[in-house]
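Data block below; observations after.
Below, each value reflects all heavy atoms present in this structure, side chains not excepted, and no hydrogens, waters or symmetry copies. It should be emphasised that the depicted structure is a prediction, and the values quoted were computed from it without experimental measurement.
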Amino acid sequence: MRDMFKTAVYGVCEEQMVYGEESTTFWEYILPFTRFWGVFSAVVLCGVGVDIALHNHGIGIFYIVCAGIVFFLEITWVITLFLQLCVRNEYSTCLYCWSKVLWFRLWKRSLLYVVFAMVLFLRPHRLWLSIVAGLQLSVLSMLYLILTYRACKKTKMIPSPRLLNSHSPSQEDNFDNKYEEIGDVLDDTLPTPLLNDNLSELEQDTILEI
């Protein structure tokens, strides 16, 4: 279960895990920017909901609820780090329930944010900030699609055990030749065994004591 907390965008995320590939500046900053943009979008969406609710529109309450959902999803990585420090039992009920929350990530969030953005575009209620909030959620959705692509790319870079264990005959011959060359070198460098006839009784007793 611990592996679930070391993937996606929680704590030690898979965007920061490198499988034989040097990380670029873009991928180093895309994850922190996504986290910041998510919280910022939630704050703007909450402001839109409060403003619309003050004008006696019921959908303003819906926007406030959506803002709470976005904010909660964007701080789950902080809660995960807190649970990693406080809960030591890997099989605790708390970690099991939280792993179900962490299932909703990457492209799943992207779909949810697109739905929220469409509602804002369709029901702006003459508030320009509604369009801004919709655009922010659209950008956030695109960022999670980029992270999903990165995660899939990293997964494909891990070689399967079947590929590691399968070798062509030519490869096996090359391996055998390399092993023979290494064996010849080791035979030349290793000292010859000591014969008892060439050692005195004192030297033999000293070696036995050692």
Report the C-alpha separation of Q84 and L81 in whole Å, then their side-chain angles, then the decisive distance to 0.1 Å, and conclude whether the side-chain contact (heavy atoms from CB on, under 4.5 Å) test is met. CA-CA 5 Å; Q84 288 178 342; L81 292 178; 3.6 Å; yes
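- Residues L120 and L45 meet the side-chain proximity criterion, which asks for heavy atoms closer than 4.5 Å.
- Two different hydrophobic clusters hold L122 and Y113 under the rule that ILVMFWY side chains link at heavy-atom gaps under 4.5 Å.
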Stepwise side-chain contact (heavy atoms from CB on, under 4.5 Å) check, I30 with L143: CA-CA 8 Å; I30 185 68; L143 290 173; 3.5 Å; yes
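- L112 and L135 fall into different hydrophobic clusters, defined by Ile, Leu, Val, Met, Phe, Trp and Tyr side-chain heavy atoms under 4.5 Å apart, directly or through other members.
- Using cut-offs of 30° and 60° on the angle between ring planes, the pair F40 and F36 is parallel.
- Heavy-atom minimum distance, T25 versus Y29: O-CD1, 3.0 Å.
- Here L147 contributes atom CG and M142 contributes atom CE; the two are 12.0 Å apart, rounded to the nearest 0.5 Å.
- Across all non-hydrogen atoms, the minimal contact from I79 to F72 is CD1-CE1, 4.0 Å.
- Cluster annotation: W37 is not connected to I131 through the hydrophobic network of ILVMFWY side chains, with a link wherever side-chain heavy atoms come within less than 4.5 Å.
- Looking only at distances, no side-chain donor or acceptor of S41 sits under 3.5 Å from a matching main-chain atom of L137.
- A 4.5 Å side-chain heavy-atom check between R109 and T76 finds at least one atom pair inside the cut-off.
- No side-chain heavy atom of V87 sits less than 4.5 Å from a side-chain heavy atom of W98.
- Nearest heavy-atom pair, F121 versus S138, reported as atom, atom and distance to 0.1 Å: CE1-OG, 3.9 Å.
- When the ring pair (Phe, Tyr, Trp, His ring centres under 6.0 Å) test is applied to F62, no partner is found at least two apart in sequence or on another chain.
- The aromatic rings of H57 and H125 lie tilted to each other, with the angle between the two planes from 30° to 60°.
- Cluster note: M118 groups with V114 through ILVMFWY side-chain heavy atoms spaced under 4.5 Å, whether in direct contact or through intervening members.
- In this structure the side chain of Y63 reaches within 4.5 angstrom of the side chain of R123, judged on heavy atoms.
- Across T34 and L140, no two heavy atoms sit closer than the pair O-CD1, 3.8 Å.
- Taking 4.5 Å as the limit, some side-chain heavy atom of L83 sits within range of a side-chain heavy atom of C94.
- A 6.0 Å sphere centred on CZ of F71 holds no more than 12 heavy atoms belonging to other residues, nucleotides or ligands.
- Considering all non-hydrogen atoms of both residues, P124 and S130 come closest at O-OG, 3.1 Å.
- Not one N or O on the side chain of W107 forms a donor-acceptor pair closer than 3.5 Å with the backbone of Y144.
- The two residues A67 and A42 come nearest to each other via the heavy atoms CB-O, 3.5 Å.
- In this structure, the side chains of V48 and V132 stay at 4.5 Å or more apart for every pair of heavy atoms.
- Within a 6.0 Å sphere centred on CZ of F33, heavy atoms belonging to other residues, nucleotides or ligands number more than 12.
- In terms of hydrophobic clustering, with Ile, Leu, Val, Met, Phe, Trp and Tyr side chains grouped at heavy-atom distances under 4.5 Å, F104 and L102 are assigned to a common cluster.
- Counting heavy-atom neighbours within 6.0 Å of F26 CZ, excluding the residue itself, gives a total above 12.
- Residues V139 and L73 are members of one and the same hydrophobic cluster, defined by side-chain heavy-atom contacts under 4.5 angstrom among Ile, Leu, Val, Met, Phe, Trp and Tyr.
- Hydrophobic side-chain contacts under 4.5 Å tie L145 to no other Ile, Leu, Val, Met, Phe, Trp or Tyr residue.
- Inter-residue side-chain proximity for C46 and V70 is flagged as unmet; no heavy-atom pair is nearer than 4.5 Å.
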